[in-house]
Number of protein chains: 2
Amino acid sequence: MSSPLDPVFAALADPTRRAILSMLLEDDMAVTDVAEPFEMSLAAISKHLGVLTAAGLISQEKRGRVKWCKLEPDALRGASVWMQSFGQFEAVNLDAFERFLAVELSDDS
Amino acid sequence: MSSPLDPVFAALADPTRRAILSMLLEDDMAVTDVAEPFEMSLAAISKHLGVLTAAGLISQEKRGRVKWCKLEPDALRGASVWMQSFGQFEAVNLDAFERFLAVELSDDS
DNA sequence: TCGATATTCAACCATTTGGTTGACGTTTGC
DNA sequence: GCAAACGTCAACCAAATGGTTGAATATCGA
């Protein structure tokens, strides 16, 4: 059916939204400042920010009349782990999978 | 603007397509066999496989009347690298991996 | 208080997406 | 040769997506 990964990957599928995430990597930003480099309306950017918020990739906090946008990189973790499982366990080499688990478990990190 | 990441993330946004990729992780499969566990038409699965092929995530080779589907995990590399730029994912987080598996396997249809 | 700034909302539009069904072309096995 | 199996194609549909504009709301600064 669906999973929490659905809205994350869907949000990442749009280049405008990926660009927004990259911008927020440097610092928190107000909605108007997020919109500034893009050649589209503020309302469109507001919608994109809504999609990113719904996916959990950013959070928004209103202070005064300004709404600040903040990256929430933890939301990428599930998606990242899902993808890595393909790179590392290609052709489901079960031996490799178990070696991977052993290494991960013995490494306190 | 667009980038080669667009179709990859868009393809991953659908749970049916992610389930198909997981199946192909175990072995190459014929289209009919890919479709078997899903409660939708063969034509719908054929379209999903087309989306995955367009994204480069699988390849398809016809032998006789059977078309074989093969995972192409390298296509995930670009997306993976993009996500690494957000840091914090250098090592696979096993807790997150297990949470992911629990969710992903429990709502499979 | 008033005007400007910040942001969202509502209505609308075109395009894409994910599904259906039925017809169609190939390949296979008897 | 012919029916069955494999898979796609074309047409259609409903819903979601990504954008627009204009009005609305809330806050700030003077």
Side-chain angles (χ1 to χ4, degrees), chain A residues 1-24 27-70, chain B residues 1-24 27-71 107-109:
Chain A
M1 295 290 272
S2 66
S3 102
L5 290 183
D6 291 11
V8 173
F9 281 126
L12 295 177
D14 187 281
T16 299
R17 288 193 292 261
R18 288 200 308 277
I20 290 173
L21 292 178
S22 292
M23 292 164 60
L24 292 176
D27 209 350
D28 298 358
M29 296 180 79
V31 172
T32 301
D33 295 330
V34 168
E36 196 274 331
F38 297 99
E39 290 177 347
M40 73 180 70
S41 69
L42 186 59
I45 296 294
S46 181
K47 279 191 189 181
H48 280 305
L49 292 171
V51 171
L52 290 169
T53 300
L57 289 164
I58 68 170
S59 59
Q60 293 180 286
E61 182 198 356
K62 193 168 181 180
R63 284 202 296 273
R65 65 181 160 178
V66 174
K67 202 163 183 182
W68 293 92
C69 304
K70 181 183 189 315
Chain B
M1 299 291 182
S2 65
S3 101
L5 289 183
D6 292 10
V8 172
F9 281 127
L12 295 177
D14 186 280
T16 299
R17 288 192 291 260
R18 289 200 308 279
I20 290 173
L21 292 178
S22 292
M23 291 164 59
L24 293 176
D27 210 351
D28 298 357
M29 296 179 77
V31 172
T32 301
D33 294 330
V34 168
E36 196 273 332
F38 298 99
E39 290 176 346
M40 71 180 69
S41 69
L42 185 60
I45 295 296
S46 181
K47 280 192 189 180
H48 280 306
L49 292 171
V51 171
L52 291 169
T53 300
L57 289 164
I58 68 170
S59 58
Q60 294 181 286
E61 183 198 355
K62 192 167 180 182
R63 284 203 294 273
R65 67 180 162 182
V66 174
K67 203 166 184 179
W68 293 91
C69 305
K70 180 182 189 320
L71 193 64
D107 61 16
D108 178 277
S109 61

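Each chain gets a letter, A, B and so on, in the order its sequence line appears, and its residues count up from 1. For clarity, every value in this text was computed on a predicted model and none was experimentally measured.
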Rounded distance in Å - CG (A:L42) to C1' (D:dG19): 13 Å
For DNA chain C, the residues among residues 46-59 of chain B that have a non-hydrogen atom under 4.0 Å from it: B:K47, B:H48
Separation of A:L57 CG from A:L12 CG (nearest 0.5 Å): 5.5 Å
Separation of atom CH2 in B:W68 from atom C1' in D:dC6, rounded to whole Å: 12 Å
All side chain to side chain contact (heavy atoms under 4.5 Å, CB included) counterparts of B:D33, not counting sequence neighbours: B:M29, B:A30
Pairs involving residues 51-68 of chain B, ordered by first then second residue, that meet side chain to side chain donor-acceptor pair (under 3.5 Å) (sequence neighbours left out): B:T53-B:Q60, B:S59-B:E72, B:E61-B:R63
B:A55 versus B:A11, closest heavy-atom pair with distance: CB-CB, 4.0 Å
Candidate nucleotides C:dA6, D:dT20, D:dC6, ranked by approach to the side chain of A:A44 - the nearest: D:dT20
Interatomic distance, B:L12 CG vs C:dT17 C1' [rounded to whole Å]: 16 Å
Nucleotide nearest B:T32 (side chain, heavy atoms from C-beta), chosen from C:dT8, C:dA6, D:dG7: D:dG7
Atom-pair distance (CZ on B:R17; C1' on C:dT16), nearest Å: 12 Å
What protein N or O atoms touch nucleotides 1-4 of chain D N or O atoms at under 3.5 angstrom, if any, and at what distances?
none

Nearest listed nucleotide, side chain of B:S41, among C:dT8, C:dT20, D:dT8: C:dT20
Touch class at under 4.0 angstrom, heavy-atom based, for A:A30 against every strand present: sugar-phosphate
Euclidean distance, atom CD1 of residue A:I45 to atom C1' of D:dT20 [Å, nearest integer]: 13 Å
Atom pair distance, as rounded to whole Å: CG in B:D14 and P in D:dT17: 12 Å
Show me the donor-acceptor pairs, under 3.5 Å and distance only, between side chains in residues 44-51 of chain A and residues at least two apart or in other chains.
unit_1	atom_1	unit_2	atom_2	d
A:H48	ND1	A:R17	NH1	3.1

B:E36 CD to D:dG7 C1', straight-line distance once rounded to whole Å: 16 Å
Interatomic distance, B:I20 CD1 vs C:dG19 C1' [rounded to whole Å]: 14 Å
For A:A54, all residues meeting side chain to side chain contact (heavy atoms under 4.5 Å, CB included), sequence neighbours excluded: none
Straight-line distance of A:L24 CG to A:L52 CG, nearest 0.5 Å: 8.0 Å
5' priority, DNA chain D, between A:M40 and A:K62 [closest heavy atom]: A:M40
Candidate nucleotides C:dG22, C:dT7, D:dG7, ranked by approach to the side chain of A:V66 - the nearest: C:dT7
